[in-house]
Structures are given as structure tokens and as C-alpha cells.
Amino acid sequence: MSYDKVIQANKFVVGTKQTVKALKSGNVTEIIVAKDADPVIIGKVIEAAKEVNVPFILVESMMKLGQSCGIEVGAVAVAIIN
């Protein structure tokens with residue numbers, strides 16, 4: 001499951017701004033995006049991933065994604081770093 005990928009990752013960044021910034025740096029292997037987030041924000045993150053040819057996975061819940069990262073609030077996007 002995609003939430004497990006975050007839990008098992010050695011290094012990741014959380015949040016839309018940090019994810020897009022990491023994508024531009026070229027160190028991201030994959031991103032995970034919550035479907036229940038604002039569609040406009042989701043679109044921006046996915047577009048940034050497509051521009052640098054990084055695969056993305058959609059998950060159901062911002063809250064579960066945030067919990068997978070060890071935070072108590074929801075997360076729209078997480079970038080798994082090399």
C-alpha cells in the first residue's frame with residue numbers, strides 16, 4: 001500500500017510547496033498525493049511531477065497520509081527522496 005511506502009522511506013518531504021521544490025531539485029523518486037485534497041492543488045503537484053517525469057500515486061485520505069508521515073494533520077502530498 002502507498003501509505004506503507006512513506007512509512008518505509010528513509011527520507012521524504014511533506015506538503016505541496018516542499019514536494020514541488022523537491023521535484024525541481026531532481027531528487028524525488030516518487031510522489032504520493034491525497035485524492036481528497038483541493039483539486040487545484042492536486043493538479044499543480046501532479047503537473048510538476050509530469051514535467052520532471054516522476055511517477056505519482058493517488059491515495060484516498062489526507063489524514064492517513066499525514067499519519068504515515070508521523071504528523072497529526074493531513075498531508076496533500078509527500079515526495080519520497082533518493
Side-chain angles (χ1 to χ4, degrees):
M1 178 145 233
S2 301
Y3 300 112
D4 294 333
K5 286 186 176 188
V6 175
I7 293 169
Q8 295 171 356
N10 292 327
K11 188 173 179 184
F12 58 86
V13 294
V14 182
T16 54
K17 289 180 185 176
Q18 291 81 0
T19 297
V20 171
K21 185 177 178 180
L23 284 165
K24 290 179 181 179
S25 74
N27 295 326
V28 177
T29 58
E30 180 175 39
I31 64 166
I32 301 168
V33 180
K35 285 190 219 179
D36 62 342
D38 183 334
V40 173
I41 296 171
I42 292 171
K44 290 179 183 179
V45 174
I46 291 174
E47 185 62 34
K50 287 179 179 179
E51 285 176 10
V52 293
N53 202 24
V54 171
F56 62 91
I57 297 173
L58 295 174
V59 294
E60 296 297 321
S61 169
M62 287 174 51
M63 284 306 297
K64 286 183 183 178
L65 187 56
Q67 290 170 352
S68 298
C69 298
I71 59 175
E72 294 183 12
V73 295
V76 174
V78 175
I80 299 176
I81 307 294
N82 297 4

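Position 1 is the first residue of the sequence; numbering continues from there.
In this structure a side-chain-to-backbone donor-acceptor pair under 3.5 Å is missing from Asn27 to Ile81. The closest donor-acceptor contact from the side chain of Tyr3 to the backbone of Val59 lies at 3.5 Å or more, if one exists at all.
Across all their heavy atoms, Val40 and Asp38 have their closest contact at N-OD1, 2.9 Å. A pairwise comparison of heavy atoms in Gly74 and Ile71 identifies O-CD1, 4.4 Å as the closest pair. Closest of all the heavy-atom pairs between Val73 and Met63 is C-SD, 4.0 Å. Smallest separation of non-hydrogen atoms from Ala34 and Leu65: N-CD2, 4.1 Å. For the residue pair Lys35 and Ile42, the shortest heavy atom distance occurs at O-CD1, 3.6 Å.
When hydrophobic clusters are built by joining Ile, Leu, Val, Met, Phe, Trp and Tyr residues whose side-chain heavy atoms come closer than 4.5 Å, directly or via intermediates, Ile31 is not grouped with Val6. Linking ILVMFWY side-chain heavy atoms closer than 4.5 Å, directly or via other members, places Val28 and Phe56 in a single hydrophobic cluster. Cluster annotation: Val45 and Val13 are assigned to the same hydrophobic cluster (Ile/Leu/Val/Met/Phe/Trp/Tyr, side-chain heavy-atom contacts under 4.5 Å, transitive). There is no path of hydrophobic side-chain contacts, each under 4.5 Å, that joins Val78 to Val33.
A search for side-chain contact (heavy atoms from CB on, under 4.5 Å) contacts involving Ile7 returns Asp4, Ser68, not counting sequence neighbours.
Note that the NZ atom of Lys50 and the CG atom of Leu23 stand 13.0 Å from one another [nearest 0.5 Å]. Distance check, rounded to the nearest 0.5 Å: CD1 of Ile41 to OG1 of Thr19 gives 11.5 Å. To the nearest 0.5 Å, atom NZ of residue Lys11 and atom CG of residue Asn82 are 9.5 Å apart.
Lys5 has its side chain within reach of Ile80: a pair of non-hydrogen atoms, C-beta onward, lies under 4.5 Å apart. Between Val20 and Lys44 there is no side-chain heavy-atom pair separated by less than 4.5 Å. Contact of the Leu58 side chain with the Ile46 side chain is registered, since non-hydrogen atoms from C-beta on lie closer than 4.5 Å. Side-chain contact between Met62 and Val76 is present, with heavy atoms from C-beta onward closer than 4.5 Å.
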